[in-house]
Amino acid sequence: MDTALPADLLAEFYRANNLPADGGQSSPFVKIQLTSKIVLYFPNFDSRRRAVLRHDVHHMLTGYSAASLAGESEISAWEIASGCTRYSAAFFINTAGLLSGLLWNFRNGLRAFARGRRTRNLYRDTLTEDAFLHTPVDALKKHLLLDIHPKETRPGIGDALLYIGFIVFGILYSLLIIPLLFFVLGYTVYILVSGKDEQAGS
């Protein structure tokens with residue numbers, strides 16, 4: 001039985017995934033490592049800061065990797081299916097994350113989506129940050145129904161139809177926000193040229 005507390009596991013989680021000590025909440029920008037040589041940056045909006053701690057604990061509870069695009073595509077599918085509610089930044093970032101794994105991680109993305117439809121998450125829950133950080137991992141998994149719905153959850157026809165429907169929505173949504181991509185590219189150039197990434201890491 002895992003009686004460890006998320007509050008005690010976070011420091012090691014951040015180290016293992018090469019993340020800042022606070023998960024990046026205090027950083028003025030968010031760094032996305034697409035490959036070993038390609039990165040993108042975008043501003044760390046307050047709405048994203050509100051969601052990031054819950055997102056990181058979700059990684060710990062679900063078992064989806066925070067160190068790979070595959071893991072991010074899976075956690076994105078799971079969070080969307082289990083509900084982002086008032087965390088709008090999580091919804092929009094997860095939409096991009098789900099689509100990122102569409103071609104090469106479709107099957108696992110669908111399984112994560114099906115699992116999300118059967119479980120709960122910390123975006124929709126009434127637990128405060130202090131409460132979920134100091135609840136044992138196994139108790140949290142049970143509370144969110146993750147103990148009875150593992151990563152290998154088999155999707156049904158309804159899951160597949162909803163997943164495909166959301167993919168269609170995501171593609172249409174992506175077409176509408178193409179101008180935002182140019183902003184992200186410009187912001188990335190600004191961060192790299194100004195050396196702010198190196199300053200933040202020093």
Side-chain angles (χ1 to χ4, degrees), residues 1-7 9-10 12-14 16-17 19 23 32 48 50-129 131-133 135-171 173-174:
M1 184 174 182
D2 193 344
T3 58
L5 303 179
L9 299 175
L10 274 174
E12 177 54 34
F13 171 82
Y14 292 143
N17 291 285
L19 295 169
I32 303 175
R48 189 258 177 191
R50 283 200 313 118
V52 69
L53 180 60
R54 286 171 169 77
H55 177 78
D56 291 340
V57 174
H58 285 161
H59 272 293
M60 295 164 56
L61 297 176
T62 60
Y64 300 126
S65 171
S68 69
L69 288 177
E72 286 298 340
S73 69
E74 290 160 18
I75 197 77
S76 294
W78 179 81
E79 286 188 346
I80 284 172
S82 51
C84 295
T85 62
R86 65 187 184 278
Y87 292 87
S88 56
F91 176 79
F92 292 118
I93 293 172
N94 282 335
T95 298
L98 183 151
L99 292 177
S100 73
L102 180 59
L103 296 179
W104 46 272
N105 201 33
F106 182 91
R107 183 179 181 185
N108 287 336
L110 175 56
R111 284 180 172 176
F113 188 86
R115 187 187 190 193
R117 294 190 67 213
R118 292 159 177 77
T119 54
R120 298 192 286 260
N121 68 37
L122 297 173
Y123 296 141
R124 301 182 65 182
D125 203 271
T126 57
L127 289 175
T128 63
E129 287 188 2
F132 69 70
L133 286 176
T135 299
V137 167
D138 275 355
L140 263 184
K141 287 181 178 179
K142 184 175 182 179
H143 179 68
L144 299 179
L145 306 180
L146 289 165
D147 60 325
I148 57 174
H149 295 291
K151 291 174 70 175
E152 296 75 22
T153 295
R154 295 185 64 179
I157 297 297
D159 299 314
L161 290 176
L162 280 175
Y163 186 60
I164 293 170
F166 190 84
I167 288 171
V168 172
F169 161 79
I171 292 172
Y173 159 78
S174 298

Visitor: What are the two closest non-hydrogen atoms of Leu5 and Pro136, and how far apart are they?
Guide: CD2-N, 3.6 Å
Visitor: Using the side chain to side chain donor-acceptor pair (under 3.5 Å) criterion, which residues pair with Arg48? Sequence neighbours excluded.
Guide: Asn44
Visitor: Count the heavy atoms of every other residue, nucleotide or ligand shown that sit under 6.0 Å from CD1 of Ile148, and state whether that count exceeds 12.
Guide: yes
Visitor: Between Asn121 and Glu79, do the side chains contain a donor N or O and an acceptor N or O under 3.5 Å apart?
Guide: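 Checked: Glu79/Asn121 side chains show no N/O donor-acceptor pair below 3.5 Å.
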Visitor: Got Leu146 and Leu140 here, is their nearest side-chain heavy-atom distance under 4.5 Å?
Guide: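 Side-chain contact under 4.5 Å: no.
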Visitor: Trp78 vs Tyr64 aromatic rings, parallel, tilted or perpendicular, using cut-offs 30° and 60°?
Guide: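 Because their plane-to-plane angle lies in the 30° to 60° range, the rings of Trp78 and Tyr64 count as tilted.
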Visitor: Taking atom NZ of Lys142 as the centre, does the number of heavy atoms from other residues, nucleotides or ligands within less than 6.0 Å exceed 12?
Guide: no
Visitor: Within this structure, what is the CZ-CG distance for the pair Phe113 and Asn108, rounded to the nearest 0.5 Å?
Guide: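 Rounded to the nearest 0.5 Å, the CZ-CG separation comes out at 15.0 Å.
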Visitor: Is there a side-chain contact between Leu122 and Val57 in this structure, where contact means two heavy atoms from C-beta onward sitting under 4.5 Å apart?
Guide: yes
Visitor: To the nearest 0.5 Å, what is the distance between CG on Asn94 and SG on Cys84?
Guide: 5.0 Å
Visitor: Distance from Phe132 atom CZ to Arg54 atom CZ, nearest 0.5 Å?
Guide: 4.5 Å
Visitor: Side chains of Leu99 and Ser174, heavy atoms from C-beta outward: is any pair under 4.5 Å?
Guide: yes
Visitor: Show the nearest heavy-atom pair for residues Ala77 and Gly109, with the distance to one decimal.
Guide: CB-O, 3.4 Å
Visitor: Identify the residue among Arg154, Arg111, Arg118, Arg115 that makes a salt bridge (charged side-chain N to carboxylate O under 4.0 Å, His left out) with Asp159.
Guide: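 Running salt bridge (charged side-chain N to carboxylate O under 4.0 Å, His left out) over Arg154, Arg111, Arg118, Arg115 with Asp159 returns exactly one hit, Arg118.
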Visitor: Looking at Arg124 and Ser82, would you say the former's side chain and the latter's main chain have a donor-acceptor pair under 3.5 Å?
Guide: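 Yes, the answer is positive, given that a donor and an acceptor are paired below the 3.5 Å cut-off.
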Visitor: Determine whether the side chains of His59 and Glu74 contain a donor N or O and an acceptor N or O closer than 3.5 Å.
Guide: no
Visitor: Enter the distance from Asp56:CG to Asn17:CG here, rounded to the nearest 0.5 Å.
Guide: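 Those atoms lie 8.5 Å apart.
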Visitor: Atom OH in Tyr123, atom OG1 in Thr85: separation rounded to 0.5 Å?
Guide: 9.0 Å
Visitor: Return the minimal non-hydrogen interatomic distance between Arg120 and Leu145, and the atom names on each side.
Guide: NH1-CD1, 4.1 Å
Visitor: Counting only N and O atoms by type, is there a donor-acceptor contact under 3.5 Å from the side chain of Lys151 to the main-chain atoms of Gly63?
Guide: yes
Visitor: Can you find a heavy atom in the side chain of Thr95 that is under 4.5 Å from one in the side chain of Ser76?
Guide: no
Visitor: Going by side-chain contact (heavy atoms from CB on, under 4.5 Å), name the residues that satisfy it together with Ile164, two or more places apart in sequence or in a different chain.
Guide: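 If we apply the side-chain contact (heavy atoms from CB on, under 4.5 Å) test to Ile164, skipping adjacent residues, there are no hits.
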Visitor: Taking side chain as C-beta onward, heavy atoms only, is Leu10 less than 4.5 Å from Leu53?
Guide: yes
Visitor: Would Arg50 pass as a cation-pi partner of Tyr87, given that its NZ or CZ must be under 6.0 Å from the six-membered ring centre and within 45 degrees of the axis?
Guide: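 Relative to the ring axis of Tyr87, which defines the angle, Arg50 lies inside both limits.
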Visitor: Hey, does the side chain of Ser68 reach the backbone of Ser65 with a donor-acceptor pair shorter than 3.5 angstrom?
Guide: no
Visitor: Please find the pair of heavy atoms, one from Ala51 and one from Ala90, that lie closest to each other, and give the distance.
Guide: CB-CB, 4.2 Å
Visitor: Quick one: OG1 on Thr135 to CG on Leu144, what's the gap to the nearest 0.5 Å?
Guide: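 Answer rounded to 0.5 Å: 9.5 Å.
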Visitor: When you compare the side chain of Ile80 with that of Leu98, does any pair of heavy atoms fall below 4.5 Å?
Guide: yes
Visitor: How are the rings of Tyr173 and Phe169 set to each other: parallel, tilted or perpendicular (split at 30° and 60°)?
Guide: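 The arrangement is parallel - the two ring planes meet at less than 30°.
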Visitor: Mind checking whether Pro6 and Val137 have side chains closer than 4.5 Å, heavy atoms only?
Guide: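 Yes, at least one pair of side-chain atoms sits under 4.5 Å.
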Visitor: Quick check: does any side chain N or O of Asp125 sit under 3.5 Å from a backbone N or O of Leu127, one acting as donor and the other as acceptor?
Guide: yes
